[in-house]
Amino acid sequence: MRTIEAEHPADTSAGTRITPEAIQSYLDGLAAKGRGTGTVQNYTNKLLTFYEELPADKRVTRGALEDWRRTLLERGYSPNTVNTYLTAVNGLLAHMDRRDLQLVDRLELQPEVQPELTRAEYLRLLGAARVLDRERTYLLVKLFVLTGLRVGEVPRVTVAAVESGRMKAAGPGGKTGYRSIPTCLREELQNYLRRTGVSAGQVFVTRNGRPMRRTQISMEIRALSQTARVAEEKCNPRCLRKLYQATQAEIDRSVRLLAEQAWDRMMEDEQLTVGWDAEKGVRAV
């Protein structure tokens with residue numbers, strides 16, 4: 001695979017211009033090296049985000065990645081997520097033979113203390129979305145809490161998935177599996193699709209028909225904070241997904257408790273029926 005060279009190799013201070021062709025060449029190289037489809041898609045999403053946020057001339061100069069990293073952190077991205085974005089961009093720059101523009105120092109990862117969103121606060125978020133007449137945001141909030149999807153999996157919510165009642169989602173060990181769409185949410189999504197006229201492709205798109213970006217999704221949910229009277233740091237896809245996980249864990253504990261109680265009752269009944277009577281002693285042979 002031919003390396004895409006910088007436009008001005010002699011004048012490194014001018015930086016280099018990123019092009020869609022350079023990005024595609026890098027991604028093709030990853031695939032040729034045996035990188036999995038999921039990895040290549042992950043890099044694709046991150047590089048397209050980077051490309052869209054470049055200045056109009058699409059040029060990267062020294063210090064640009066440091067500024068971009070600061071911007072991502074200010075948006076609330078975790079250090080781990082920011083590191084993954086920079087890994088993708090650094091790889092692209094190496095492919096373009098512009099290692100001088102890389103930002104190689106990684107952010108130190110700190111244990112994240114994720115605030116807990118309660119079920120009552122979740123319901124207030126839904127109520128706020130209804131009061132503000134923001135149906136799309138209402139559906140997104142409900143989607144994360146009822147299905148446990150990650151924000152990066154929202155593009156998998158397609159018209160076909162809504163029609164079938166299930167969608168692709170990350171399973172154990174990173175393997176792709178399927179997750180059911182609860183009936184109540186599915187019916188609301190179908191009504192939403194009818195009203196918006198979306199008949200194919202992704203469900204959550206902008207007015208121009210383009211897929212919603214992660215930052216836009218997060219901003220829409222955060223905008224409900226004041227009306228819902230919920231702390232802003234709780235109004236994000238991660239906290240909503242965490243509520244799904246906590247709810248599922250509580251249900252699992254309840255089911256296990258009921259199973260243990262049923263097992264104990266069954267053993268007690270059997271003991272009363274055929275248990276050995278210690279008072280009669282051991283029968284002689």
Side-chain angles (χ1 to χ4, degrees), residues 38 78 80 111-130 137-154 156-193 203-204 221 224 228-231 233-285:
S78 69
N80 183 52
E112 291 189 65
V113 180
Q114 191 72 35
E116 301 281 348
L117 181 75
T118 67
R119 203 81 191 175
E121 289 173 329
Y122 154 65
L123 294 177
R124 292 210 300 272
L125 286 173
L126 292 181
R130 292 180 60 181
T137 312
Y138 166 92
L139 291 170
L140 283 167
V141 170
K142 209 166 192 178
L143 177 73
F144 292 123
V145 174
L146 298 191
T147 67
L149 279 187
R150 296 178 173 85
V151 65
E153 295 176 310
V154 170
R156 298 180 179 180
V157 185
T158 62
V159 173
V162 174
E163 291 175 350
S164 66
R166 67 174 194 164
M167 56 196 164
K168 290 184 178 180
K175 296 181 179 180
T176 300
Y178 288 90
R179 191 165 297 167
S180 296
I181 303 176
T183 301
C184 61
L185 175 59
R186 184 187 176 204
E187 291 175 351
E188 289 179 327
L189 287 170
Q190 289 173 327
N191 291 332
Y192 173 75
L193 291 171
V203 172
F204 295 101
I221 295 174
L224 301 176
R229 306 185 313 283
V230 176
E233 59 267 23
K234 295 183 180 182
C235 301
N236 58 69
R238 282 189 295 170
C239 283
L240 293 170
R241 182 171 182 267
K242 190 174 181 180
L243 177 58
Y244 164 83
Q245 293 171 327
T247 303
Q248 291 296 314
E250 183 60 33
I251 291 173
D252 288 343
R253 283 192 294 271
S254 298
V255 170
R256 284 197 299 271
L257 178 59
L258 289 173
E260 290 172 2
Q261 291 172 343
W263 175 253
D264 289 341
R265 285 195 299 270
M266 184 183 71
M267 288 191 295
E268 288 173 2
D269 291 342
E270 291 176 346
Q271 188 67 17
L272 290 173
T273 304
V274 298
W276 190 270
D277 191 346
E279 294 182 358
K280 292 183 178 181
V282 179
R283 181 178 299 175
V285 178

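What's counted below: heavy atoms across the whole structure, side chains too, no hydrogens, waters or symmetry copies. For the single chain, residues carry numbers from 1 onward in sequence order. This one's a predicted model, so the numbers in the text were calculated from it and none came from an experiment.
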Novice: NZ of Lys142 to CG of Leu123: how many Å apart, nearest 0.5 Å?
Specialist: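 Between atom NZ of Lys142 and atom CG of Leu123 there are 9.5 Å.
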Novice: State, to 0.1 Å, how close Ile181 and Val162 come at their nearest heavy-atom pair, and which atoms those are.
Specialist: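 Looks like CD1-CA, 4.0 Å.
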Novice: How far does CD of Gln271 sit from OG1 of Thr273, to the nearest 0.5 angstrom?
Specialist: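 Taking CD in Gln271 and OG1 in Thr273, the distance rounds to 9.0 Å.
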Novice: Any chance you could lay out the side chain to side chain contact (heavy atoms under 4.5 Å, CB included) test for Tyr244 and Thr147, step after step, and finish with the verdict?
Specialist: CA-CA 7 Å; Tyr244 164 83; Thr147 67; 5.6 Å; no
Novice: Report the C-alpha separation of Leu143 and Leu149 in whole Å, then their side-chain angles, then the decisive distance to 0.1 Å, and conclude whether the side chain to side chain contact (heavy atoms under 4.5 Å, CB included) test is met.
Specialist: CA-CA 7 Å; Leu143 177 73; Leu149 279 187; 4.1 Å; yes
Novice: Is a side-chain donor or acceptor of Arg179 paired with a backbone partner of Lys168 at a separation under 3.5 angstrom?
Specialist: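 Checked: no pair found.
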Novice: I need the minimum non-hydrogen distance between Cys235 and Leu125, along with the two atoms involved.
Specialist: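 Minimum heavy-atom contact is SG-CD2, 3.8 Å.
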Novice: I need the minimum non-hydrogen distance between Leu240 and Phe144, along with the two atoms involved.
Specialist: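 For Leu240 versus Phe144, the nearest heavy atoms are CB-CB, 3.6 Å.
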Novice: Does Leu139 form a side chain to side chain contact (heavy atoms under 4.5 Å, CB included) with Leu185? I'd like the steps, not just the answer.
Specialist: CA-CA 8 Å; Leu139 291 170; Leu185 175 59; 4.2 Å; yes
Novice: Output yes when Glu250 and Arg253 qualify as a salt bridge under the 4.0 Å nitrogen-oxygen rule, no when they do not.
Specialist: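 Answer for the salt bridge query: yes.
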Novice: Search all heavy atoms of Glu116 against all heavy atoms of Glu121 and return the closest pair with its distance.
Specialist: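 Scanning both residues completely, I find the closest heavy atoms to be O-OE1, 3.9 Å.
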Novice: Nearest 0.5 Å, what's the CZ-CD distance between Arg238 and Gln245?
Specialist: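 Rounded to the nearest 0.5 Å, the CZ-CD separation comes out at 12.0 Å.
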Novice: Nearest 0.5 Å, please: how far is CD in Gln248 from CG in Leu243?
Specialist: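 Rounded to the nearest 0.5 Å, the CG-CD separation comes out at 10.0 Å.
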Novice: Does any part of the side chain of Pro237, heavy atoms only, come nearer than 4.5 Å to the side chain of Val154, both counted from C-beta?
Specialist: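 No, every pair of side-chain atoms sits at 4.5 Å or beyond.
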Novice: Hey, what do you get for CG (Leu257) to CG (Asp252), rounding to the nearest 0.5 Å?
Specialist: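 Rounded to the nearest 0.5 Å, the CG-CG separation comes to 12.5 Å.
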Novice: Between Val145 and Arg119, does the side chain to side chain contact (heavy atoms under 4.5 Å, CB included) criterion hold? Intermediate values first, please.
Specialist: CA-CA 9 Å; Val145 174; Arg119 203 81 191 175; 3.7 Å; yes
Novice: Which heavy atom in Glu233 sits nearest to a heavy atom in Cys239, and how many Å separate them?
Specialist: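 The pair with the smallest heavy-atom distance is O-SG, 3.7 Å.
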Novice: Any idea which heavy atoms bring Arg156 and Ala161 closest together, and the distance?
Specialist: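 For Arg156 and Ala161, the tightest heavy-atom pair comes out as O-CB, 3.9 Å.
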Novice: So do Val230 and Leu117 actually touch side chain to side chain, heavy atoms under 4.5 Å?
Specialist: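 Yes. Closest side-chain heavy atoms under 4.5 Å.
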